[in-house]
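No hydrogens, no waters, no symmetry mates; every other heavy atom, side chains included, goes into these values.
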Amino acid sequence: AMDDRQQKAKPSLMKRIGIGLLDFVFSALVMGTCFLFAYFVLFEPLGYNQAAKTIVNSYEECELLVSDGFNYVSISTNFTDDQDPVAFYDVPITNFYKHNSRAVSEHKLDSYIQAKLDSTYFVLDTDNNCVPKEGIGTLVLKETLEKELTKAIDYFYEDPVLINASKTTYNVLIYTVLISVVIGSVSMYIIVPLCDKEKRTFAYRLCGLKIVNKDTMENISTGRMLLRNGSFILLVYISAVTLYMLTNVIFFSTIPLFVNTILMCLFHTNNGFHDIIGECNVINKTYSNAMTNLETIKEMGGQQ
């Protein structure tokens with residue numbers, strides 16, 4: 001009889017998913033507010049703006065890389081067969097080693113010239129300039145200089161100043177996102193339900209759902225609500241940010257939510273991982289009210 005009541009009371013899977021998305025929108029608004037506050041108030045003191053400026057300036061000043069609109073890539077992507085490989089590659093590599101302060105202090109230009117001479121495809125002319133030998137084909141020169149370009153780009157990426165600036169921007173950004181996610185999710189799934197006698201979120205209240213003990217069909221207790229919603233925060237929100245931090249691939253951050261949705265599809269009660277942990281079911285409040293009224297009437301009739 002209890003299973004029959006639960007089946008009749010449960011909302012459709014699409015309704016649960018839709019309401020879950022609505023709760024996510026509410027929590028995302030809180031997260032966005034927190035992030036904007038951090039961006040305008042905390043990023044400057046935390047060194048994010050200065051670090052970001054350092055990174056941008058480093059890339060813009062480096063002639064070895066060009067922007068493709070989304071990222072910086074090697075200048076070799078723009079090389080065409082009708083171009084002179086020496087003019088195309090040698091000039092930016094030489095300029096980089098001449099003007100980069102770290103390269104100057106480590107005499108990288110001298111090392112670059114020596115590498116060209118060691119290749120046996122270059123010689124020193126009467127003015128002590130390193131020039132290609134006569135008769136060397138453009139394909140050989142291109143391959144040689146591309147290798148030196150790769151070395152120069154690797155050297156650019158190994159710059160401690162650039163590395164430290166990148167770490168600063170990454171740490172400030174990712175931890176701000178993590179803190180914003182925690183504040184937004186806790187506000188929506190913990191604080192809001194604690195302020196409601198039936199322990200519901202905004203979306204559950206708006207759409208007429210409630211959470212009940214799966215065995216008794218009574219309102220969920222505070223302890224079970226904390227266990228259920230806390231596990232949901234860890235599963236969907238915290239793990240998503242953590243996966244992104246570990247992989248830097250946004251797709252992987254959606255895996256926990258996808259797995260939980262698949263789990264809801266597999267159970268006839270449409271329960272997710274958090275519902276199982278909290279040992280509860282989600283039901284339509286209208287059905288719950290009708291059953292409560294019916295039981296009250298029966299009790300009154302029995303007393304008479």
Query raised in the report: Can you pull the side chain to side chain donor-acceptor pair (under 3.5 Å) pairs that have at least one residue in residues 77-88, sequence neighbours excluded?
Result: Thr80-Asp82, Thr80-Gln83
Query - Pairs satisfying side chain to side chain donor-acceptor pair (under 3.5 Å), at least one member in residues 63-73, at least two apart - result: Glu63-Asn95
Query raised in the report: Who pairs with Tyr89 by ring-ring contact (aromatic ring centres under 6.0 Å, His included), at least two apart in sequence or on another chain?
Result: Phe79
Report task. Name all residues meeting the ring-ring contact (aromatic ring centres under 6.0 Å, His included) criterion together with Phe273; count only those two or more places apart in sequence or in a different chain, and write none if there are none. Result -> none
Under the 3.5 angstrom rule, does the side chain of [X] hit a backbone N or O of [Y] as a donor-acceptor pair?
| X | Y | answer |
| --- | --- | --- |
| Arg16 | Asn270 | yes |
| Asn129 | Asp125 | no |
| Arg224 | Asn213 | no |
| Ser239 | Leu234 | yes |

Do [X] and [Y] touch side chain to side chain, with heavy atoms closer than 4.5 Å?
| X | Y | answer |
| --- | --- | --- |
| Thr254 | Ile250 | no |
| Val73 | Leu65 | no |
| Lys15 | Val282 | no |
| Asn281 | Asp275 | no |
| Val25 | Leu21 | no |

Kindly state each residue pair satisfying ring-ring contact (aromatic ring centres under 6.0 Å, His included) with at least one member in [range], sequence neighbours excluded.
| range | result |
| --- | --- |
| residues 132-185 | Tyr59-Phe156 |
| residues 206-242 | Tyr189-Phe232, Tyr189-Tyr237, Phe232-His274 |
| residues 99-136 | Tyr97-Tyr112 |

Query raised in the report: With ILVMFWY side chains joined below 4.5 Å, transitively, what does Leu246's cluster contain besides itself?
Result: none
Report task. State the CG-CG distance between Leu263 and Asn271, to the nearest 0.5 angstrom. Result -> 8.5 Å
**Report entry** Point-to-point distance, once rounded to the nearest 0.5 Å, from CG of Leu162 to OG of Ser58
**Finding:** 5.0 Å
Residues 40-54, side-chain donor-acceptor partners within the protein, below 3.5 Å, at least two apart:
from: Glu44; atom 1: OE1; to: Asn49; atom 2: ND2; distance (Å): 2.7
from: Thr54; atom 1: OG1; to: Gln50; atom 2: O; distance (Å): 3.0

Please identify each residue that fulfils salt bridge (charged side-chain N to carboxylate O under 4.0 Å, His left out) with [X], with sequence neighbours left out.
| X | value |
| --- | --- |
| Glu146 | Lys142 |
| Lys199 | none |
| Lys133 | none |

Query - Taking every non-hydrogen atom, the tightest pair across Val30 and Gly184 - result: CG1-CA, 3.7 Å
Query raised in the report: Which heavy atom in Asp23 sits nearest to a heavy atom in Thr201, and how many Å separate them?
Result: OD2-OG1, 2.6 Å
Query raised in the report: Is any side-chain N of the basic residue among Arg200 and Glu198 closer than 4.0 Å to the acidic one's carboxylate O?
Result: yes
**Report entry** Note: Lys116-Glu148 ion pair, threshold 4.0 Å (strictly below)
**Finding:** no
